[in-house]
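One structure is given here, and the rest of the page talks about it.
In what follows, chains are A, B, ... by sequence order, proteins preceding strands, each numbered from 1.
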Amino acid sequence: MPELPEVETVRRGLEPVVVGRRVLRVSVLSHRPLRRQAEGERAFSDWLTGARITSVQRRGKYLWWWLADTQRPALVAHLGMSGQFRTGTSQDGFGPHERVRFELDDGAVLSFVDQRTFGWVLADTAVGDVPASVEHIARDPFDERFDLRGAAARMRSRRTGVKRALLDQTLVSGIGNIYADEALWRAKMHPSHATDSLSRSAATAVLGAAAEVMAAALQAGGTSFDPLYVHVNGESGWFSRDLAVYGREGEPCRRCGRAILREAFANRSSYRCPGCQPLPARAR
DNA sequence: ACGAGCTCCTGCTTGC
DNA sequence: TGCAAGCAGGAGCTCG
């Protein structure tokens, strides 16, 4: 499940492979990842073919290449739940879930592989300093222009639960289900705590906790106990051993020893410690 | 305008 | 044993 640290790990893996290279050929092996390209697959391939890749950027979980020598200046990618970029040569196969293949001018092959097909790629226009499809996404905590106090203020103006707010990519980007639960545990906060009853310092603290846990994960190479997430070279990340609550139902809390709970949350799961993160007076 | 719920998808796990 | 249901979930979309 790629969240910010995983996507940043992929970005760093891609950078030395693609920057300065030109795309020689594009092969669309599956329609589904191109579903956001209203102009169609042919236009996608035509725009990409011959383009030169000038940089690899990221905001939250969105990844893009800036391109030169093309009518569409950005190739945007979202990994969804199971998307991967894999690199290799034209001799390499990337299995049955290979979706889009890019051949570069130095012989390298870059492949977008995605089992569950929630991921997508898009040849996009630019709006200011981001692609149009990324314009609505808030800055993430790793962005040098990220405004922690502003994000906390926006969080407190919402009328929802704090976990929903953490997952809202238009409020702060990059946080998914795993790091939301980890951040809430660090901040000793219940996921349903009402955002409009958070103190300024509590809102800042939970956002700061999210930034901390994601920074630790990035240092470890991205969380992965899931074979669906791998680096561009195919190696797995290993941060999962450090998770405090996510996936640890029934195991003891590392702070207080109480058994970690798993609860239904918005068609998925929330993990929390009943001792450290009790239900607050005001919940949503 | 905002918040909440639904939906897309595949493969592994669980239960009858 | 085999089949079906459950589960994983990011984010765009729709509805109230």
Side-chain angles (χ1 to χ4, degrees), chain A residues 1-8 10 29-38 58-64 76-85 94-100 112-122 124 130-138 140 153-184 191-198 210 214 222-230 236-237 240 243 245-250 261-271 282-284:
Chain A
M1 289 149 257
E3 303 181 27
L4 188 156
E6 291 77 21
V7 180
E8 175 61 16
V10 172
L29 310 174
S30 163
H31 306 298
R32 176 118 176 110
L34 271 294
R35 64 193 179 279
R36 296 196 55 175
Q37 191 79 60
R58 180 193 56 72
R59 175 177 286 185
K61 305 169 198 170
Y62 291 70
L63 189 68
W64 69 91
V76 187
H78 197 294
L79 302 179
M81 285 189 58
S82 55
Q84 310 169 12
F85 272 107
F94 297 103
H97 306 303
E98 186 176 9
R99 309 295 181 187
V100 185
F112 182 68
V113 178
D114 190 9
Q115 180 200 94
R116 295 181 199 170
T117 74
F118 280 19
W120 48 266
V121 291
L122 174 69
D124 204 4
V130 293
S133 55
V134 183
E135 199 188 3
H136 66 297
I137 297 301
D140 63 65
R154 272 179 289 137
M155 173 179 274
R156 296 175 68 231
S157 72
R158 299 285 175 93
R159 297 174 62 83
T160 187
V162 64
K163 182 168 176 182
R164 282 183 190 280
L166 289 173
L167 294 174
D168 184 342
Q169 306 296 303
T170 68
L171 199 157
V172 55
S173 70
I175 305 169
N177 202 42
I178 295 173
Y179 297 122
D181 282 0
E182 294 299 308
L184 289 164
S192 299
H193 197 112
T195 47
D196 51 343
S197 70
L198 287 174
M214 291 195 296
T223 297
S224 182
F225 39 84
D226 187 333
L228 292 179
Y229 168 71
V230 289
S236 171
S240 59
L243 294 177
V245 282
Y246 187 87
R248 295 193 62 235
E249 181 182 19
L261 294 178
R262 184 174 77 152
E263 296 164 320
F265 168 84
N267 288 328
R268 43 189 60 98
S269 292
S270 264
Y271 295 88
R282 288 194 55 212
R284 287 187 189 278

Nearest listed nucleotide, side chain of [X], among [options]:
X	options	result
A:Arg36	C:dG10, C:dG12, B:dC6	C:dG12
A:His97	C:dG10, B:dG11, C:dA8	B:dG11
A:Arg164	B:dC9, C:dA8, B:dG5	B:dG5
A:Gln169	C:dG12, C:dA11, C:dC7	C:dA11
A:Thr160	C:dG12, B:dG11, B:dG3	B:dG3
A:Arg116	B:dT10, C:dA11, B:dC6	B:dT10
A:Arg158	B:dG3, C:dA8, B:dG11	B:dG3

For A:Ala266 and for A:Thr117, locate the closest nucleotide of DNA chain B by heavy-atom distance; then report the residue assigned to the nucleotide nearer the 5' terminus. A:Ala266
Could you state the atom-to-atom distance from [atom1] of [X] to [atom2] of [N] in whole Å?
X	N	atom1	atom2	result
A:Leu166	B:dA4	CG	C1'	17 Å
A:Phe118	B:dG11	CZ	C1'	12 Å
A:Met81	B:dT10	CE	C1'	9 Å

Looking just at side-chain N and O atoms, do A:Lys163 and A:Ser192 make a donor-acceptor pair shorter than 3.5 Å? no
Qualifying residue for side-chain contact (heavy atoms from CB on, under 4.5 Å) with A:Leu29, from A:Glu98, A:Arg99, A:His97: A:Glu98
